[in-house]
Enquirer: 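First the structure, then my questions, so here it is.
Being a predicted model, the structure only gives us computed values, none of them experimental. Both counts, for ligands and for their atoms, begin at 1 and track the order of listing.
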Amino acid sequence: MSDFAADPSHPRYQSLLLRHRLEQAEKDGLLAGSAMIAHGRGEAYDYLLGERTIPSAHKATVQALGTLKKAKRPVISLNGNAVALAGESLLMLAERLSCPVEINIFYRTPERMAALIGRLEAIKEEHQLEVQILGAEPNARIPGLKGPRANCTKEGIIDSDVIMVPLEDGDRCEALVAMGKTVIVIDLNPLSRSAKMGSITIVDELTRVVQNMLVDIENCVVDEAFSNDEVLADALQHIATKFTSR
Ligand code: ATP
């Protein structure tokens, strides 16, 4: 039972709600110790972006959706923060895209994996969703990565052609790109290594991105002239303009 009591009219309601989701997820054993730090870094950039979807991020979102829809074997990779913040809407999106999700976490322990799978299974049950959840029994490794964070599944991440990685770290993003995949990154920080490395980078807050995707899913066309460099440059320009205007 949620004890979240903030008033929706509060100017920081959305931010408080997301923090609450993470606090709860932390109590439920879904998160690694660094989860709040990663979220805080995202919040700082979101503040600079005006806490809204800027037009270039929406363009990248539509491009990402079109690319996922055209993919032969799309997959959505999920970490603890993604499940805690947007587990429901991500599973709804996966169902609409008819693609599996794969839990792929940096700090992998049996307890965290069980907690994350339990959360996703509960969401599936509650909303009667048909989505394959991969990651519980890894049978492959992402080449070029050391340790348990390289563990993944052949039928999910390894065989995918397009992979969406919300809130990914740079190393893993780089390793996935090196495998020849089209990597869709969701990251509020346009300067992160993941953002710069991704094939399509959505510089926007995860929960907003997934909501936008659910709205745009029937009307997304891949733009052959799409430039990820332009998307990143526009986000930085947007931040710079915010500093110089009142
Ligand atoms: P990199 O290795 O790519 O340079 P990093 O070391 O900053 O990145 P992490 O700390 O693992 O990587 O990742 C957190 C990233 O996720 C940050 O760049 C942060 O901006 C972003 N982030 C955090 N919360 C959200 C959110 N809710 N929506 C979108 N992005 C987020």
Enquirer: Below the 3.5 angstrom mark, is there an N/O of A195, backbone or side chain, next to an N/O of ligand 1?
Expert: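 No, no N or O pair falls under 3.5 Å.
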
Enquirer: So which heavy atom in the protein is nearest atom 6 (O) of ligand 1, and how far is it from that ligand atom?
Expert: R41 NH2, 3.5 Å

Enquirer: For atom 2 (O) of ligand 1, what's the nearest protein heavy atom and its distance?
Expert: G170 N, 2.8 Å

Enquirer: Distance to 0.1 Å, residue and atom name: give those for the protein heavy atom nearest to atom 8 (O) of ligand 1.
Expert: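 For atom 8 (O) of ligand 1, the nearest protein heavy atom comes out as S192 CB, 3.9 Å.
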
Enquirer: Within a distance under 4.0 Å of any heavy atom of A38, pick out the atoms of ligand 1 and give their elements.
Expert: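 Close to A38: 10 (O), 14 (C), 19 (C), 23 (C), 24 (N).
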
Enquirer: Which protein heavy atom lies closest to atom 3 (O) of ligand 1, and at what distance to 0.1 Å?
Expert: S194 OG, 2.6 Å

Enquirer: Under 4.0 Å from atom 10 (O) of ligand 1, is there at least one protein heavy atom?
Expert: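 Under 4.0 Å from atom 10 (O) of ligand 1, at least one protein heavy atom found.
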
Enquirer: Looking at N79 and L167, would you say the former's side chain and the latter's main chain have a donor-acceptor pair under 3.5 Å?
Expert: yes

Enquirer: Taking D204 first and then R52, would you say they form a salt bridge - that is, a charged N and a carboxylate O separated by under 4.0 Å?
Expert: no

Enquirer: Could you find the nearest protein heavy atom to atom 20 (O) of ligand 1 and give me its residue, atom name and distance?
Expert: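 Among all protein heavy atoms, the one nearest atom 20 (O) of ligand 1 is D187 OD1, 3.1 Å.
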
Enquirer: Does atom NZ of K69 have more than 12 heavy-atom neighbours, drawn from other residues, nucleotides or ligands, at distances under 6.0 Å?
Expert: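 More than 12 within 6.0 Å, yes.
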
Enquirer: Can you get from V231 to L65 by hopping between Ile, Leu, Val, Met, Phe, Trp and Tyr side chains that sit under 4.5 Å apart?
Expert: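 Yes; L65 is reachable from V231 via cluster members.
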
Enquirer: Ignoring hydrogens and angles, write down the donor-acceptor pairs under 3.5 Å from the side chains of residues 83-94, residues two or more places apart or on other chains.
Expert:
from: E88; atom 1: OE1; to: H127; atom 2: NE2; distance (Å): 3.4
from: S89; atom 1: OG; to: A86; atom 2: O; distance (Å): 3.4

Enquirer: In terms of residue, atom name and distance, what is the protein heavy atom nearest to atom 28 (N) of ligand 1?
Expert: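 For atom 28 (N) of ligand 1, the nearest protein heavy atom is L206 N, 2.9 Å.
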
Enquirer: Using residues 35-46 as the side-chain source, report each donor-acceptor pair under 3.5 Å to any protein atom, sequence neighbours left out, with the distance given to one decimal.
Expert:
from: E43; atom 1: OE1; to: R19; atom 2: NE; distance (Å): 3.4
from: E43; atom 1: OE1; to: R19; atom 2: NH2; distance (Å): 2.7
from: E43; atom 1: OE2; to: S15; atom 2: OG; distance (Å): 3.2
from: E43; atom 1: OE2; to: R19; atom 2: NE; distance (Å): 2.9
from: Y45; atom 1: OH; to: N189; atom 2: OD1; distance (Å): 3.3
from: D46; atom 1: OD1; to: R208; atom 2: NH2; distance (Å): 2.8
from: D46; atom 1: OD2; to: R208; atom 2: NH1; distance (Å): 3.2

Enquirer: I want to confirm something. Looking only at heavy atoms, which of R193, K196, E205 is nearest to atom 27 (N) of ligand 1?
Expert: E205

Enquirer: Please identify which atoms of ligand 1 are closer than 4.0 Å to at least one heavy atom of L85.
Expert: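 Result: 27 (N).
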
Enquirer: Quick check: closest heavy atoms across S199 and K181, and the distance to 0.1 Å?
Expert: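 Looks like OG-O, 3.9 Å.
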
Enquirer: Does a donor on one side chain and an acceptor on the other come within less than 3.5 Å for S9 and D7?
Expert: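 A donor-acceptor contact under 3.5 Å links the two side chains.
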
Enquirer: Passes side-chain contact (heavy atoms from CB on, under 4.5 Å), N104 versus L78? Steps please.
Expert: CA-CA 6 Å; N104 189 243; L78 298 181; over 6 Å; no

Enquirer: Taking only heavy atoms of L167 into account, list the atoms of ligand 1 that are under 4.0 Å away from them.
Expert: 22 (N), 25 (C), 26 (C), 28 (N), 29 (C), 30 (N), 31 (C)

Enquirer: May I ask you to check whether D169 has an N/O atom sitting below 3.5 Å from an N/O atom of ligand 1?
Expert: no

Enquirer: T207: heavy atom below 4.0 Å from ligand 1, yes or no?
Expert: no

Enquirer: Below 4.0 Å, non-hydrogen atoms only: which portion of D204 touches ligand 1? Side chain, backbone, both or neither.
Expert: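 The answer is the backbone.
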
Enquirer: Hey, is OH on Y47 packed in by over 12 heavy atoms from elsewhere, all under 6.0 Å?
Expert: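 12 or below, so no.
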
